[in-house]
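Written out below as structure tokens is the structure these notes cover.
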Amino acid sequence: MRTLCEEISESDTGKEFTFKGWVMHYRDHGGLIFIDLRDYSGILQIVFDENIDNESFKIAKKLKNEYVVSIAGTVRKRPEGTTNAGLKTGGIELLAKSVQILNACETLPFQIDEEAEVNEFTRLKYRYLDLRSKRLKDNLIFRSKFTYLIREFLNNKGFFDIETPFLTKSTPEGSRDFLVPSRLNHGHFFALPQSPQLFKQILMVSGFERYYQIVRCFRDEDLRADRQPEFTQLDMEMSFVEIEDVMSVTEELFALIFNKLLGIELKRPFKVLDYDEAMDKYGSDKPDTRFGLIINNLTDVFAGSQLNVFKDNIQKGGVVKAVCLPDGSNLLSRKDIDELLSVVKDFGAKGLAWTKVGENGLFEGGISKFISDDERNKAVARLEAKSGDIIFYQSDSKKTAENVLGRLRLYLAKKYRLIPEGRFDLLWVVNFPLFEYSEEEKRIVSVHHPFTSPAKKDLGILEKEPLSVKSDSYDLVLNGEEIGGGSIRIHDPELQGKIFEILSISPEDAKLKFGFLLDALGFGAPPHGGIAFGVDRILMILRNESSIRDVIAFPKTQKAYCPLSDAPSAVKDVQLKELGIKLRETAGKNIKSE
RNA sequence: GGGGCUGUAGUUCAGACGGUUAGAACGCCGGCCUGUCACGCCGGAGGUCGCGGGUUCGAUCCCCGUCGGCCCCGCCA
């Protein structure tokens, strides 16, 4: 019978127990040895005393860090003055009566729970050791509780957990597919799903009405701190619903998660921001609303500006927008301001105009001498600027000005620590455009995906003004990260056909690529809609981590390589032969073995 | 595809104008220690300075290339 380290307490004093786990710390005092024993529940101090049990004491002498042991003994209160407030079991200890070494451990490539940050490649190579650390272990246990809570909630709400294929069809829109060659159909390939989108819609046609899945998705794109080639989505779909129904279930779910896992009561309903307003005020479709630095439009104020960069741009139809950094005069030296210029140039800005706000709201430095009293008073009023602030201006196309200022406000907030810690800002962004024009492809493309329903009110202008059409889609944003998105889908094959037409996807192509969904829509598809959440990203934010790698058990490096398993790797020629595959000459250069 | 930072002992980091034997801390090995908890004290081992080439009398340091790691842009419906 085995007991866990943190299962016992002072009330167990005098009782005998057996513990099994790892030697976390080893402190040899000559005639007395302490070890901190770690199991998945926590830590317990064990004492070996040569005068009390010489047999086990001799074995204890051989123990080293991370040895696996089984130790039996008696629980006792620690002598006065030797308790450890830092440990949950710090008031007690186990006096060992017998000990058995279950397994030894080689010298560690890095210290577990070491405060200094160990090179991530080494940590990934020995991931099993890194996962012994409290931080990563707690993250994964949290993840398990998180997914359990979701399943419990959705099952109670009448959702069915239904699996969809991993070996599926490559689809043209969206991200690059991971391909899997078919041995039985040479020259044909499966694709791993970017998401179960088409299948969950088909499940609605089948009449399940409420579906969910916590499912792996695959996208062969470049990696980032918040992007892995395989990641986990909470995928949901419902029949006979409107936007409000999807939002309502989502909000209830998130309220539950925050309440049960973080002890935080979320305010409901969540804030809802129009896409246009998000772009206008935050320069982003995933605004971080934890801090100010709101972008303001000053185009009307500077319509008659004597500053040519402002005047000419406005005449061309551009905008002048600005953010005000409170106390910026103190925070930034002249050199800092100069450095900001190169920062915003990286963001795509042509320049960076600025003014300091001095006494009585008068402007100093930068472009102040080109600004009239009237322009200044209006700008100060609109930005609610106070003396000591700095105002940064962008005069450019609406798109560029908003993008630059949106990124500038994030940059400034991070650099000058304006983001309050421990705060969670959840909000919806709605009324996205249905389409946008792709310069690269020289055609109209979907902002969300081609099955997203246009907003009812815009159906009349669908063909005349497609770029003005809004969609019935919604994104959920947490602390400036997009953590989920979804839409009401098109369930009318005729409307779906029109959308493909606008996207310049021919009926033949549409049939080839999505034919099975289009067929299904023709057999009594109910109105339906859904949403999908990035599980890893949510966990990253809830756990206050800076990378999703820290909430994934076995993540990959930025080159999509797994140092633990050495994947991907070359395969034997016979394997390729079976698949009917011959490598191109250029592919051979990087092959290391076999 | 592009930009930035980076690679020195098992780990985290120093290092020098280009010049004897490349240092520290932690870890590891050995010894001492009965109340520690990142125990302490004494001693010891441990280095292809990522890899390849070049310049040089001499390169860990300078130059070129290459491989890897992290962050970002593009990309990610």
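Residue numbering restarts at 1 for every chain, and letters A, B, ... go by the order of the sequence lines. The figures that follow rest on heavy atoms only: side chains count, while hydrogens, waters and symmetry mates do not.
- In the region residues 81-90 of chain A, proximity to RNA chain B at under 4.0 angstrom, judged on heavy atoms, holds for A:T82, A:T83, A:N84.
- Between A:D28 atom CG and B:C41 atom C1' the separation is 13 Å, expressed in whole Å.
- Here A:R489 lies out of heavy-atom contact (under 4.0 Å) with every strand.
- Residue-level contact check: A:E80 touches neither bases nor backbone, having no heavy atom under 4.0 Å from any strand.
- Counting non-hydrogen atoms under 4.0 angstrom, A:T452 reaches nothing in the nucleic acid.
- Taking the six-membered ring for Trp and the full ring otherwise, A:F48 and A:F57 have centroids separated by 6.0 Å or more.
- Residues A:F514 and A:F451 bring their aromatic ring centres within 6.0 Å.
- A sub-4.0 Å separation between OP1 or OP2 of B:G68 and a side-chain N or O of A:K559 is present.
- Residue A:Q45 contributes atom CD, which lies 10 Å from atom P of B:U36 at whole-angstrom precision.
- Between A:T557 and A:R537, the one whose closest nucleotide on RNA chain B sits nearer the 5' end is A:T557.
- Nucleic acid contact for A:R123: none, since no nucleic acid atom lies under 4.0 Å from a heavy atom of the residue.
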What is the per-nucleotide protein-contact pattern of nucleotides 6-13 of chain B, from the 5' end, where B denotes a base atom under 4.0 Å from a protein heavy atom, S denotes such proximity for sugar-phosphate atoms only, and - denotes neither? ----SSS-

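- Backbone-only engagement by A:F121 is indicated by non-hydrogen atom pairs under 4.0 Å involving sugar-phosphate atoms exclusively.
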Please assess A:E441 against A:R443 for the test salt bridge (Lys or Arg N to Asp or Glu O under 4.0 Å), listing each intermediate value before the final yes or no. CA-CA 5 Å; A:E441 299 181 52; A:R443 65 171 181 115; 3.0 Å; yes

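- Within 4.0 Å (heavy atoms only), A:R176 reaches no atom of the nucleic acid at all.
- Along RNA chain B, the nucleotide nearest to A:R78 and the one nearest to A:Q558 differ in position, and the one closer to the 5' end is contacted by A:R78.
- With hydrogens and angles left out, the side chain of A:R549 and the base of B:C70 share no donor-acceptor pair within 3.5 Å.
- At B:C39, one or more side-chain N or O atoms of A:R27 fall inside 4.0 Å of OP1 or OP2 (strictly under the cut-off).
- For B:C39, the base is stacked against the aromatic ring of A:H29, per a cut-off of 5.5 Å between centres and 30° between planes.
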